[in-house]
There are 2 protein chains.
Amino acid sequence: MRIGELAERSGVSRDAIRFYERQGLIAAQKSESQSNTYKNYPEEAVFTLEVIRDAQAAGVSIADLIVLLSQYHAADGADFDGEDFLIEKIQEVENRIEASQRFLETLRQTLRALKNAAH
Amino acid sequence: MRIGELAERSGVSRDAIRFYERQGLIAAQKSESQSNTYKNYPEEAVFTLEVIRDAQAAGVSIADLIVLLSQYHAADGADFDGEDFLIEKIQEVENRIEASQRFLETLRQTLRALKNAAH
DNA sequence: AAAAACCATGGTCCATTGTCAATGGTTTTG
DNA sequence: CAAAACCATTGACAATGGACCATGGTTTTT
């Protein structure tokens, strides 16, 4: 599919998609037609972009994602050791979730206090 | 207390503390002694810095925190309406936590796959 | 009393994660 | 077929969240 459709379907802007592509997070082929320079994104890219969005929300940088996604794709059959890195990132995300939950509690308390003050 | 102690106790760098102070997130008095220009941070600042750290981990910007912290402090007795904003931020953080959990699941799956491949 | 450690201020610099604009082609639509 | 919509590439620009450095003063330690 072309970038416009991918942008539409994934909810990610064209510019962001191109940015991720430059970083090597998603891949595209040159169009099979030789008359244009349009790129061809695989179906899979929609899913990859969703993962990227979740990862960004989880506070994981693109630099880390480059490593992680390569592991994800290599997971069937690779033997090089990225396990430590993976474990580290899992820990980081878990920590961030906990911090987020603490902060959420603070926000909820504030909301309750605000409502009481309005009495 | 002075900035060094605050940095030590909160685990936040001096530079970051000064940055937050410029943004109005924490307040300090000028030292009571007139012979120096050192600032005096209240005990409470340690707690505020913890909240700031959690908030940053939760993906909440400092600009938003400025608004939120003012509401937190004003929560006892204020009547101006920041409720909508608060509710919006709560929703945002909840969404980010969910995305983080989805991503965490992806990471864990990758880890399992990696372990199986290593057979 | 020196040296080492600390502080304030001001300014510069940095990575990250994109957005926006310009230019020049291609396709689709009316 | 002309206009509108789409695409690629390049390059400038921007916001966020600090780190780092220089300068000059103050405390604390030795």
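Quick note on labels: first sequence line is chain A, next is B, and so on, each numbered from 1.
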Hey, are A:Arg2 and A:Glu8 close enough for a salt bridge, meaning a charged N less than 4.0 Å from a carboxylate O?
no
Less than 4.0 angstrom between a side-chain N/O of A:Ser13 and OP1 or OP2 of C:dT19, yes or no?
yes
Between C:dT27 (C1') and A:Met1 (CE): distance, integer Å
19 Å
Taking only side-chain N and O atoms of B:Gln23, does any of them lie within less than 4.0 angstrom of OP1 or OP2 on D:dT16?
no
Does a side-chain N or O of B:Thr37 approach OP1 or OP2 of C:dT9 to a distance below 4.0 Å, or not?
no
Mind listing the side-chain donor-acceptor pairs of residues 11-20 of chain A below 3.5 Å, one per line with the distance, residues two or more places apart or on another chain?
unit_1: A:Ser13; atom_1: OG; unit_2: A:Ala16; atom_2: N; d: 3.0

OP1 or OP2 of C:dT27 versus the side-chain N and O atoms of A:Asn36: is any pair under 4.0 Å?
yes
In whole angstrom, give the distance that lies between atom CG of A:Asp15 and atom P of C:dA22.
14 Å
Measure CG/A:Leu65 against C1'/C:dG18 and give the value in whole Å, please.
15 Å
Length of the line joining B:Gln56:CD and D:dA15:P, which is rounded to integer Å:
18 Å
Just to be sure I understand the rule, does B:Arg18 reach a base, reach only the sugar-phosphate, or reach nothing, if contact means heavy atoms closer than 4.0 Å?
base
Whole angstrom is fine here: how far is it from CZ in A:Phe19 over to P in C:dA15?
13 Å
Answer yes or no: is there an ion pair linking B:Glu83 with B:Lys89, defined by an N-O contact shorter than 4.0 Å?
no
If the cut-off is 4.0 Å, is B:Ser61 near the phosphate of D:dG17, judged by side-chain N/O to OP1 or OP2?
no
Using distance alone, with no hydrogens and no angle criterion, decide if A:Tyr41 and A:Glu5 have a side-chain donor and acceptor under 3.5 Å apart.
no
Check whether any side-chain N or O of B:Arg2 sits under 4.0 Å from OP1 or OP2 of C:dC6, and answer yes or no.
no
Take atom CD1 of B:Ile62 and atom P of C:dT16, then tell me their distance rounded to the nearest Å.
18 Å
Has A:Lys30 got a side-chain N or O lying under 4.0 Å from the OP1 or OP2 atom of D:dA8?
no
For A:Tyr38 and A:Tyr20, find the nucleotide of DNA chain C closest to each by heavy atoms; which residue's nucleotide sits nearer the 5' end?
A:Tyr20
Could you state the atom-to-atom distance from CD of A:Glu21 to P of C:dT19 in whole Å?
15 Å
Tell me: CZ of B:Arg14 to P of D:dA19, nearest whole Å?
12 Å
Please name the pair of heavy atoms, one in B:Ala28 and one in B:Lys39, separated by the smallest distance, quoted to 0.1 Å.
CB-CB, 4.0 Å
